[in-house]
2 protein chains.
Amino acid sequence: MTNNIKPNCPMGATICILSGKWKLFILSQLLEGVKRFSQLQTAMPGITQRMLTKQLRELEELNIISRKVYPVVPPKVEYALTEVGQSLKPVLQVLEDWGKFYINIQK
Amino acid sequence: MTNNIKPNCPMGATICILSGKWKLFILSQLLEGVKRFSQLQTAMPGITQRMLTKQLRELEELNIISRKVYPVVPPKVEYALTEVGQSLKPVLQVLEDWGKFYINIQK
DNA sequence: CAGAATCCACAGCGATACTG
DNA sequence: CAGTATCGCTGTGGATTCTG
């Protein structure tokens, strides 16, 4: 995933983690609280199940989000930010703020 | 470039602009001041001329950086952040800080 | 409901060679 | 020095179908 970037470089690590077309969207969704798979899906029209699954797995492996499966029928899976994920909050906030700023000056 | 993301969404705009394997590196280089093409290249071992050129062009088109050509032999081209580019400074800072944090807790 | 499994297109990126 | 011009691979992301 945007590989062979020096992972020991701070900027490189951040790039590795946040790159991918949907990661930032997913994270900003989860900032609002725990969400189910289907909730995430409807919140982001345009993403496919395949992609959502993949990105969630990647974020899980990076210890950014947690995945809780309820052994019920029909299946229920909840995603939430880990502590590390929570630490991304100010980062996401800054990114979004700058986006607003950029859109404004562009018109 | 990570296309068909809603560009009117703040997060989407930011993603569009900062995505790409090298953009953030280039920008953090230019934060240090005006740089020549060759300076950027040596500062980022691993990037090819082709990629450097492409990413610089994209950033230029987005009004993030400026390109100044000196009509001399041998050629001399200087890149610098525009005002908009300068406004990215806190953003880059936050990203880098978080990268350091993440690297630390990982070990 | 929340996915796994295939199949596939194309953009992103790289290597190399050439030029004003 | 600071690029273009080709060529080609590879991974990312998409469409679709199938399952516990």
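In what follows, every chain begins at residue 1, and chains take the letters A, B, ... in the order their sequences are listed. Any value given below was found using the heavy atoms of this structure, including those in side chains, with hydrogens, waters and symmetry copies removed.
Taking atom NZ of residue Lys68(B) and atom P of nucleotide dC1(D), one finds them 21 Å apart after rounding to whole Å. Regarding Lys35(B), its NZ atom lies at a distance of 17 Å from the P atom of dC1(D), rounded to whole Å. Atom CE in Met44(B) sits roughly 15 Å away from atom C1' in dG14(C) (whole-Å rounding). In this structure, OH of Tyr79(B) is placed 9 Å from P of dA2(D), rounded to the nearest angstrom. For the pair Leu56(B) CG and dC13(C) P, the interatomic distance rounds to 14 Å; values are reported in whole Å. dA2(D) atom C1' lies 6 Å from atom CZ of Phe37(B), rounded to whole Å. Look at CD1 on Ile47(B): it is 14 Å from P on dA2(D), rounded to the nearest Å. Following rounding to the nearest Å, Trp22(A) (CH2) and dG14(D) (C1') show an atom-to-atom distance of 11 Å.
In the helix from dC1(C)-dG20(D) to dG20(C)-dC1(D), the end axes, each obtained as the rotation axis mapping the C1' atoms of four pairs onto the next four within a five-pair block, lie 50° apart to the nearest 10 degrees.
Summary of the strand contacts: Gln49(B) and Pro75(B) both lie near DNA chain C, and taking for each the nucleotide with the nearest heavy atom, the more 5' one is attributed to Gln49(B). Between Met51(A) and Pro74(B), the residue anchored nearer the 5' end of DNA chain D, judged by the nucleotide with its closest heavy atom, is Pro74(B).
Met11(A) and Leu92(B) make their closest contact through CE-O, 3.7 Å (heavy atoms, listed as atom of the first residue, atom of the second, distance).
Between Val84(B) and Leu62(B), every side-chain heavy-atom pair lies at or beyond the 4.5 Å cut-off. In this structure the side chain of Leu81(B) never reaches within 4.5 angstrom of the side chain of Val34(B), judged on heavy atoms.
Checking dA2(D), dT4(D), dA15(D) against every side-chain atom of Thr48(A), the shortest atom distance belongs to dA15(D). In the set dA2(D), dG13(D), dG3(D), the nucleotide with an atom closest to the side chain of Ser38(B) is dA2(D). Residue Val77(A) has its side chain nearest to dA2(C) when only dC13(C), dG13(D), dA2(C) are considered.
Within the 4.0 angstrom heavy-atom criterion, only backbone atoms of the sugar-phosphate kind lie near Gln55(A); the bases stay farther away. No contact: Tyr70(B) has no heavy atom under 4.0 Å from any strand. If you check every strand for non-hydrogen atoms under 4.0 Å, Gln39(A) touches nothing.
For Arg50(A) against dT6(C), a side-chain N or O and a base N or O form a donor-acceptor pair under 3.5 Å.
Of the listed residues (Gln29(B), Lys35(B), Arg67(B)), just one forms a side-chain hydrogen bond (donor to acceptor under 3.5 Å, both in side chains) with Tyr79(B), and that residue is Arg67(B).
By the 4.5 Å side-chain criterion applied to Ile, Leu, Val, Met, Phe, Trp and Tyr, Val72(B) is assigned to a cluster that also includes Tyr70(B).
The aromatic rings of Phe25(B) and Trp22(B) lie tilted to each other, with the angle between the two planes from 30° to 60°.
In this model, the phosphate group of dA2(C) is not approached by any side-chain N or O of Arg57(A) to a distance below 4.0 Å at OP1 or OP2. For Lys54(A), no side-chain nitrogen or oxygen approaches OP1 or OP2 of dG3(C) to under 4.0 Å.
The main-chain N or O of Ser66(A) is never found under 3.5 Å from a side-chain atom of Thr82(A) such that the two would form a donor-acceptor pair.
Follow the hydrophobic side-chain contacts under 4.5 Å out from Ile65(A) and you reach Val69(A) in the same cluster.
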